Structure formats: structure tokens, C-alpha cells
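Accompanying notes for the structure given below.
Nothing here was measured: the structure is a model prediction, and the numbers come from that model. Below, read A as the first sequence line, B as the second, and so on, with proteins coming before strands; counting in each chain starts at 1.
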Amino acid sequence: SQQGEEDPQALSIQEGENATMNCSYKTSINNLQWYRQNSGRGLVHLILIRSNEREKHSGRLRVTLDTSKKSSSLLITASRAADTASYFCATALTGANSKLTFGKGITLSVRP
Amino acid sequence: DTAVSQTPKYLVTQMGNDKSIKCEQNLGHDTMYWYKQDSKKFLKIMFSYNNKELIINETVPNRFSPKSPDKAHLNLHINSLELGDSAVYFCASSQGPSPNEQFFGPGTRLTVL
């Protein structure tokens, strides 16, 4: 089964509100990454958090990682209509040539 | 100045045909990937090459054959196309085979009729 699973599957918020998306996984990881996919486009890397890190920030993005609960969250603060997209978490296991395993994604809609 | 490019963007073909998708990256990365994204947006890795050497080969029908002529190019050839091959195929690249940040191409939407 998939390594990463996001929650909720879909999220609709008003512009200016914060959006919180969660990801759970099953086995120990090397790192966890979040990607954004706009409709009809390729994925864009947002942030990478390593297994020995607990929190990272990048602009309006804040990612946390709880390895004891095998979960991560992505917070987008002060959302904008342009944040409307699908968001994926991807986990990388330890070991050489480790692949990224993606979750099914969360569809975020930000209403103007 | 496109980082990862794929051609064609759209591909519509009949069952049983053979087709190829090309991918090029100008980032100087060593590692390239092919992913398949189905209609439910589930993204699954198919292959990965590092410096022209195959390092990841998921359970993919042998009708799919990747080829890497050099480390900047990774092409995907598909023989005897089936309806279930309809999907969006993404090429990606990263610096090194370890699971670092990956850069994705714009995707190729394959429709098999």
C-alpha cells in the first residue's frame, strides 16, 4: 500500500484563511517532501524535511514532522486564490537509490 | 530556459500502436525518472536512471522500455499500447540518486483509443 496518505482529500477555504493539510506514512523515512501541482501542470517541489528535523519554514509555508506519530503537516498561512492546486506529500526511505512514494494528494480550493 | 521538458505534450493514438515520449533536462542532474499519474491523480514511479544506468525499475509491463542516451535525456518507448496505458506521464530529474528534491516536466497526456 502507499507510503504517504494525505488528509483531507479536499479542502475549500476563503482567501486569507490558513490551510492545514496532513500526511501520514507507515515506515521509517529519510525525508518527507511536499509538492504542489497546478491543474494541467507538472509537480513543483515546495519543501523537504529530514527525519531529524521537526519543523521548517519557507515563506508562507510551515511544515512539521512527527516521526513518533509518522505524520507531517503542511500549513499555508494567509492563503491566496493562486494557492489553489493539488498538494502531495512524498516519502523517501533510507538507503541508496531510494524512490519517492507519493500520496494521493489534497485538492485545495481558495475562494477569492 | 525550461528545466525539464517533454515532448509531445499530448499524444492520442490507437490501441496496439507503438509510441515514444522524450524528456530532456538542462539542470546538469545525474538522475532522471519516469512517473505515471492516473485519472485519480495517483503518481507512481516507473523507472529511474542515474548517469545512464537503470537504478529503479518498478513492476511495469515490459511493453515499456526506457532509454537514456546520455544523462540529460531519458526517453520512454511504449509498445502495443493498451487502453489502460492512458494517463499523464511525467519526467523528472534530481541531483544524485538519493531522494532529493525532484524537478518535474510538464507532463505528456497519453490517450489510447
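- B:F64 and B:F42 fall into different hydrophobic clusters, defined by Ile, Leu, Val, Met, Phe, Trp and Tyr side-chain heavy atoms under 4.5 Å apart, directly or through other members.
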Test A:Y35 against B:F104 for ring pair (Phe, Tyr, Trp, His ring centres under 6.0 Å), laying out the working first.
-> CA-CA 10 Å; A:Y35 287 79; B:F104 281 77; 5.7 Å; yes
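- Connection of A:I47 to A:Y25 is established within a shared hydrophobic cluster, with ILVMFWY side chains joined at heavy-atom distances below 4.5 Å, either directly or through further cluster members.
- Considering only heavy-atom pairs separated by less than 4.5 Å from chain A, the leading option among B:R109, B:Q102, B:K40 is B:Q102.
- A heavy-atom distance below 4.5 Å is found between the side chains of B:K41 and A:S86.
- Donor-acceptor pairing under 3.5 Å is lacking for the side chains of A:K99 and B:S48.
- Here A:Y87 pairs with nothing under the side-chain hydrogen bond (donor to acceptor under 3.5 Å, both in side chains) rule; sequence neighbours left out.
- Connection of B:F103 to B:M46 is not established within any shared hydrophobic cluster, with ILVMFWY side chains joined at heavy-atom distances below 4.5 Å, either directly or through further cluster members.
- Residue contact with chain A, scored on non-hydrogen atoms closer than 4.5 Å, involves the backbone and the side chain of B:L43 alike.
- Minimum heavy-atom separation, A:G40 to B:K9: O-NZ, 3.9 Å.
- Of the listed residues A:N31, A:V44, A:N30, the one with more heavy-atom pairs under 4.5 angstrom with chain B than any other is A:N31.
- When all heavy atoms of A:H45 and B:E101 are compared, the closest pair comes out as CG-CG, 3.2 Å.
- Residue B:Y35 comes nearest to A:L100 through the heavy atom pair OH-CB, 3.9 Å, listed as atom of the first residue, atom of the second, then distance.
- Under the 4.5 Å side-chain heavy-atom criterion for Ile, Leu, Val, Met, Phe, Trp and Tyr, B:Y33 and A:F88 are members of the same hydrophobic cluster.
- Looking at B:K44, neither its backbone nor its side chain comes within 4.5 Å of chain A, counting heavy atoms on both sides.
- Within 6.0 Å of CD on A:Q9 lie no more than 12 heavy atoms contributed by other residues, nucleotides or ligands.
- With a 4.5 Å cut-off on non-hydrogen atoms, B:Q37 touches chain A through its side chain but not through its backbone.
- Cluster annotation: B:L110 and B:F90 are assigned to distinct hydrophobic clusters (Ile/Leu/Val/Met/Phe/Trp/Tyr, side-chain heavy-atom contacts under 4.5 Å, transitive).
- Listed in order of number, the residues of residues 48-79 of chain A that approach chain B to under 4.5 Å between heavy atoms are A:L48.
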